[in-house]
Amino acid sequence: MAAVAQCVRGALRPRLPLLSVALRTSPRLLCAATQQKSTGQNLEEDQSQSQNEQKVETSSAEKLLAEEKAKLEEQLKDVTDKYKRALADAENVRQRSQKLVEEAKLYGIQSFCKDLLEVADILEKATESVPKEEIKDDNPHLKSLYEGLVMTEMQIQKVFKKHGLMRVDPVGAKFDPYEHEALFHTPVEGREPGTVALVSKIGYKLHGRTLRPALVGVVKDA
C-alpha cells in the first residue's frame, strides 16, 4: 500500500507547478481583459462625443450659412429694386427728351409762323378791300393786281398747311376760351347765346396747338 501511495504522489507532483502557474496568471489575464473592455468603452464614448460635437458644429455652420444666405438674398433684392428704378427713371428721361425733341421739331417754327401771319392778314385785307364791281376786263391793271393778291394768299395758305399751320374761322361755333378771344358780347336775334357771331381776326393752330386765338364777338342773351 505504501508503495502505491508513493507512486500516486510521484505522478501528481510534476503537475502541481503548472496548476499553480495557471492560478497565478489568471488574475492578470482577467485584469487585462477588463482594461481592454474599459478602453473599448472609453473609445466608443469618445467617438460618440466627437460625433455629437461634429453635429453641433455642423448645425451651427448651417445656421450661419442660412443667415448669410438670407442677408445676401435681401441685398440682392434691394440692388435689383434699385436697378429697376434706375432703368425706369432712365426710360422716363429718354421719353421726355424724345418728346421735347419732337416738340422742338414741330413747334420750333412758331415764332417764324407768327411773323408770317401778319403778312397773311395784310394780303387778306388787301383782297377784301378791292371792290368786286371794279374787277372787270376794261380795268386790266386792277384785275391783274387783284388776281395776283389772291394767288399769293392761296399760295401762302398752302405753305401754312404744309407745315401744320391751319386757319381757325369759328363763325357760328361754340365759344372756346382756348381757341377764341372774346372782344365783345352782343345779343343777336336767331343766334344761340355763347356762340361766335363775328370774327374780327382769323385764328391759327400749329399742329393742333393754338398759335393765335381768333378775335371774336360772342352772342349773349337778349
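Any value given below was found using the heavy atoms of this structure, including those in side chains, with hydrogens, waters and symmetry copies removed.
If you chain together hydrophobic residues whose side chains sit under 4.5 Å apart, Val93 and Leu100 never meet in one group. Linking Ile, Leu, Val, Met, Phe, Trp and Tyr whenever their side-chain heavy atoms come within less than 4.5 Å leaves Val79 and Leu72 in two separate clusters. Cluster membership check: Val130 does not share its hydrophobic cluster with Val119, using side-chain heavy-atom separations under 4.5 Å among Ile, Leu, Val, Met, Phe, Trp and Tyr. A chain of hydrophobic side-chain contacts below 4.5 Å, direct or via other Ile, Leu, Val, Met, Phe, Trp or Tyr residues, connects Leu211 to Tyr107. Hydrophobic clustering of Ile, Leu, Val, Met, Phe, Trp and Tyr side chains at less than 4.5 Å, counting indirect connections, unites Val171 with Phe175.
Here the side chain of Thr195 pairs a donor or acceptor atom with the backbone of Glu192 at under 3.5 angstrom. In terms of modelled atom types and a separation under 3.5 Å, the side chain of Asn139 and the main chain of Ile135 share no donor-acceptor contact. No side-chain donor-acceptor contact under 3.5 Å links His185 to the backbone of Gly194.
Remark: Lys132 NZ is packed, more than 12 non-hydrogen atoms of other residues, nucleotides or ligands lying under 6.0 Å away. Counted within 6.0 Å of CD on Glu133, heavy atoms from surrounding residues, nucleotides or ligands total more than 12; the atom is thus considered enclosed. Other residues, nucleotides and ligands contribute more than 12 heavy atoms inside 6.0 Å of the CG atom of Asp138.
Residues Lys220 and Thr186 fail the side-chain proximity criterion, which asks for heavy atoms closer than 4.5 Å. Between Glu67 and Leu64, the closest side-chain pair of non-hydrogen atoms falls below 4.5 Å. Contact annotation: the side chain of Lys82 approaches that of Asp78 to within less than 4.5 Å [non-hydrogen atoms, C-beta and beyond]. Under the 4.5 Å side-chain criterion, counting only non-hydrogen atoms from C-beta, Leu65 is not in contact with Lys69.
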Legend entry - Asp121 and Lys201: CA distance, side-chain angles, deciding distance, side chain to side chain contact (heavy atoms under 4.5 Å, CB included) verdict: CA-CA 8 Å; Asp121 292 339; Lys201 182 181 283 189; 4.1 Å; yes
Legend entry - Lys77 and Thr80: CA distance, side-chain angles, deciding distance, side chain to side chain contact (heavy atoms under 4.5 Å, CB included) verdict: CA-CA 5 Å; Lys77 183 180 179 181; Thr80 303; 5.7 Å; no
Inset, instruction - For side chain to side chain donor-acceptor pair (under 3.5 Å), just list the numbers for Glu153 and Gln157, CA-CA rounded to whole Å, side-chain angles, deciding distance to a tenth of an Å, and then say yes or no. - result: CA-CA 6 Å; Glu153 185 181 5; Gln157 290 299 326; 5.3 Å; no
Legend entry - Residues Lys161, Met166; criterion side chain to side chain contact (heavy atoms under 4.5 Å, CB included); working and verdict: CA-CA 6 Å; Lys161 186 176 181 180; Met166 306 297 294; 3.8 Å; yes
Legend entry - Pair Val216-Val218, side chain to side chain contact (heavy atoms under 4.5 Å, CB included): steps then yes or no: CA-CA 6 Å; Val216 300; Val218 183; 4.1 Å; yes
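With values rounded to the nearest 0.5 angstrom, Ser129 atom OG is found 11.0 Å from Glu124 atom CD. Annotation: the span from Leu117 atom CG to Arg167 atom CZ amounts to 10.5 Å, rounded to 0.5 Å. For the atom pair OH of Tyr146 and CE of Met151, the computed distance is 13.0 Å after rounding to the nearest 0.5 Å. Expressed to the nearest 0.5 Å, how far NZ of Lys158 lies from CD1 of Ile156 amounts to 13.0 Å. The structure places CG of Leu123 at 10.5 Å from CG of Leu116, a figure rounded to the nearest 0.5 Å. Rounding to the nearest 0.5 Å places OG1 of Thr127 at 10.5 Å from CG of Leu145.
Pro193 and Asp221 get closest at one heavy-atom pair: CG-OD1, 2.8 Å.
Using cut-offs of 30° and 60° on the angle between ring planes, the pair Tyr204 and Phe160 is perpendicular.
Between Glu179 and Lys205 there is a salt bridge, since at least one side-chain N of the basic residue sits less than 4.0 Å from a carboxylate O of the acidic one. Between Arg94 and Glu91 a salt bridge is recorded (basic side-chain N to carboxylate O distance below 4.0 Å).
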